[in-house]
Participant: 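Here it is, the structure, as structure tokens.
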Amino acid sequence: MTDTDSARPAEGEARGPRPSRLHSLMRFIPLIAPVLLWAVPCWVLLHAGQHWPLAVALAGTAVFFLALVGMPLAMVRGHGRRQQDWAAIIGDTLLGAGWVLFTWSVLLGVLLRAALAVTGVGDSQDRARIVAWAVLGVAAVLLTWGYAEARRVPRVRRIDVQLPRLGAGLDGLRVALVTDTHYGPLDRARWSARVCETVNTLEADLVCHAGDIADGTAERRRAQAAPLGTVRATRARVYVTGNHEYYSEAQGWVDLMDELGWEPLRNRHLLLERGGDTLVVAGVDDVTAESSGLAGHRAHLAGAIDGADPDLPVLLLAHQPTFVDRAAAAGIDLQLSGHTHGGQIWPFHHLVRLDQPALAGLSHHGARTLLYTSRGTGFWGPPFRVFAPSEITLLVLRSTRTATAP
């Protein structure tokens, strides 16, 4: 194993450019978004020509107003300084429900209403009520299904990955990937144990956790993370930090994973040998590590592969797919990442793609580098997964080389 302790790059003294007008407007999104999230479905369901009885309209409007006020308050109490789990559960659930209602209010409020008008179905009030019931029905189905999808043990997704530089002795190497478990306010200790049992059925040579273990400190979420100590691998279990560790005392998570028998690859690598061939397994801290202010935490790829034979293939763990630009420039063979959740709740994936180069699955970058992006094993915040199923991934590495006869 190779450790690195390189100094941080020097910081320039000159001030950066002034924020753009778009960047300045982004600061108001936290204020505007909740209003749109609840005002749009309130209008589509109650005030777009349905002419509901006054009591229904007033009661419905009051519910939406309470959601508008309660969601941000609960989010602050749940994820802010107080870290109250009950508040986080309420705020996260309202956020997910609001997003689904908003999405389908927009889609059905425009498309279905237009289709009904074109086909001459009913009068204006009939069409408005049909749209309202359709939005409520679709939202109820998707939230129920999405909750079940979020809480279930993920399906195993198997994929063969061909690496031209992989030696024949390593052909068929089995790599299990879990990521974004996000142990949090909803106690998922039993779910965690079942996930680990599933991983053990894969009989992997290498098991990787690509970060975002939990929302909360290691001390607070220890019971949910403890089953990770039961995971088996014939060669190694390795872990890298995600951005959420840096919201929750990251060093505590590094120490706990080490205690549970996992190898934290903090800008380091180890060598995995089989059949006379060698694979470099490297890892870097999350790209947000340096801004966290924790001493020694930063994403340092040069340090992670320092001392490794440049002719050997490299498997790199980096939490965020966006790190692949640096990986490709360094000639990394395969990067494993998570972070995106596959969008988690459709159509949020469109916003994820604005920030990340890949959403899910295998993609090519540069002349040599492959990136596999997992949709994640757990969920963040809202306990829903809509059209973005979770996964435990089994990657079987394949060599293009022919074994040399003894």
Side-chain angles (χ1 to χ4, degrees), residues 3 73-93 95 150-151 153 178-197 199-200 207-233 236-268 283-299 317 319-320 338-339 341 376-383 390:
D3 288 295
L73 289 177
M75 294 287 284
V76 169
R77 292 180 73 92
H79 297 289
R81 182 176 55 84
R82 299 188 182 188
Q83 295 284 302
Q84 295 176 321
D85 283 350
W86 65 267
I89 292 170
I90 293 173
D92 293 343
T93 302
L95 176 61
R151 297 302 302 268
V153 175
V178 294
T179 181
D180 300 279
T181 42
H182 284 286
Y183 303 125
L186 281 170
D187 187 1
R188 286 179 286 155
R190 290 181 59 189
W191 174 87
S192 178
R194 293 172 63 199
V195 166
C196 294
E197 290 169 3
V199 171
N200 285 339
V207 180
C208 308
H209 195 304
D212 276 10
I213 293 179
D215 296 300
T217 64
E219 179 182 2
R220 192 171 189 182
R221 308 301 183 202
R222 172 182 280 269
Q224 295 183 58
L228 291 173
T230 68
V231 170
R232 297 189 299 269
R237 296 175 296 172
V238 295
Y239 155 73
V240 294
T241 57
N243 56 303
H244 278 250
E245 277 85 328
Y246 292 98
Y247 309 147
S248 309
E249 301 175 10
Q251 189 58 49
W253 280 110
V254 172
D255 294 340
L256 179 58
M257 289 298 278
D258 188 38
E259 177 186 326
L260 294 174
W262 291 68
E263 188 70 41
L265 293 182
R266 295 199 48 247
N267 305 318
R268 298 161 48 181
V284 292
D285 291 340
D286 184 65
V287 293
T288 61
E290 190 162 5
S291 62
S292 72
L294 287 177
H297 285 254
R298 61 180 177 129
L317 267 68
H319 177 66
Q320 298 195 41
H339 186 66
H341 299 202
T377 308
F379 61 86
W380 172 84
S390 56

Participant: Does the Ser192 side chain pair with the main chain of Pro227, one donor and one acceptor, at a distance under 3.5 Å?
Facilitator: no
Participant: Calculate, to the nearest 0.5 Å, the distance between atoms CG and NE2 belonging to Asp180 and His341 respectively.
Facilitator: 3.5 Å
Participant: How would you list, by chain and number, every residue that makes a side chain to side chain donor-acceptor pair (under 3.5 Å) with Glu197, sequence neighbours excluded?
Facilitator: none
Participant: Strictly distance-based, threshold 3.5 Å: is any side-chain N or O of Asp212 a donor or acceptor partner for the main-chain N or O of His182?
Facilitator: no
Participant: Measure the OG-CD distance between Ser248 and Gln83 for me, rounded to the nearest 0.5 Å.
Facilitator: 6.5 Å
Participant: Taking the side chain as every heavy atom from C-beta outward, state whether Tyr239 and Leu228 have any atom pair closer than 4.5 Å.
Facilitator: no
Participant: What heavy-atom pair brings Val287 and Ala299 nearest, and what distance separates the two atoms?
Facilitator: CA-CB, 4.2 Å
Participant: Side chain of Thr241, backbone of Asp286: donor and acceptor closer than 3.5 Å?
Facilitator: yes
Participant: In the structure I gave you, are the side-chain heavy atoms of Glu245 and Asp285 within less than 4.5 Å of one another anywhere?
Facilitator: no
Participant: Could you tell me if the side chain of Arg82 sits less than 4.5 Å from the side chain of Val76, heavy atoms only?
Facilitator: no
Participant: Checking Leu186 now: which residues fulfil side chain to side chain contact (heavy atoms under 4.5 Å, CB included) with it, not counting sequence neighbours?
Facilitator: Ile89, Arg151, Phe379, Pro383
Participant: Do other residues, nucleotides or ligands put more than 12 heavy atoms under 6.0 Å from Arg220 CZ?
Facilitator: yes
Participant: Mind checking the CZ-CD spacing from Arg268 to Glu263? Nearest 0.5 Å is all I need.
Facilitator: 5.0 Å
Participant: Can you measure from OG (Ser292) to CG (Asn243) and round to the nearest 0.5 angstrom?
Facilitator: 11.0 Å
Participant: Heavy atoms only: give me the nearest Thr230-Asn200 pair and the separation to one decimal.
Facilitator: O-ND2, 3.2 Å
Participant: Side-chain contact, heavy-atom cut-off 4.5 Å: Tyr246 with Trp253?
Facilitator: no
Participant: Passes side-chain hydrogen bond (donor to acceptor under 3.5 Å, both in side chains), Thr288 versus His319? Steps please.
Facilitator: CA-CA 10 Å; Thr288 61; His319 177 66; over 6 Å; no
Participant: Would Val199 and Val178 count as a side chain to side chain contact (heavy atoms under 4.5 Å, CB included) if you check the C-alpha gap in whole Å, the side-chain angles of each, and the deciding distance to 0.1 Å?
Facilitator: CA-CA 9 Å; Val199 171; Val178 294; 3.8 Å; yes
Participant: Taking atom CZ of Arg221 and atom CZ of Arg188, what is their separation to the nearest 0.5 Å?
Facilitator: 9.5 Å
Participant: Counting only N and O atoms by type, is there a donor-acceptor contact under 3.5 Å from the side chain of Trp380 to the main-chain atoms of His244?
Facilitator: no
Participant: Go through the steps to decide whether His79 and Asp215 satisfy the test side-chain hydrogen bond (donor to acceptor under 3.5 Å, both in side chains), and finish with yes or no.
Facilitator: CA-CA 9 Å; His79 297 289; Asp215 296 300; over 6 Å; no
Participant: Return the minimal non-hydrogen interatomic distance between Ala250 and His297, and the atom names on each side.
Facilitator: CB-CE1, 4.5 Å
Participant: Determine yes or no for a side-chain-to-main-chain donor-acceptor pair under 3.5 angstrom, with Thr377 supplying the side chain and Thr179 the backbone.
Facilitator: yes
Participant: Can you confirm whether Arg222 sits close enough to Glu259 that some side-chain heavy atom of one is under 4.5 Å from a side-chain heavy atom of the other?
Facilitator: yes
Participant: Quick one, Val284 and Val240 - any side-chain contact, counting heavy atoms below 4.5 Å?
Facilitator: no
Participant: Does Trp191 reach the side chain of Gln224, with side-chain heavy atoms less than 4.5 Å apart?
Facilitator: no
Participant: Any carboxylate oxygen within less than 4.0 angstrom of a Lys/Arg side-chain nitrogen, looking at Arg266 and Asp258?
Facilitator: no
Participant: If I compare all heavy atoms of Gly78 with all of Ala87, which pair ends up nearest, and what's the gap?
Facilitator: N-CB, 3.8 Å
Participant: Can you measure from CD1 (Ile90) to CG (Asp85) and round to the nearest 0.5 angstrom?
Facilitator: 11.5 Å
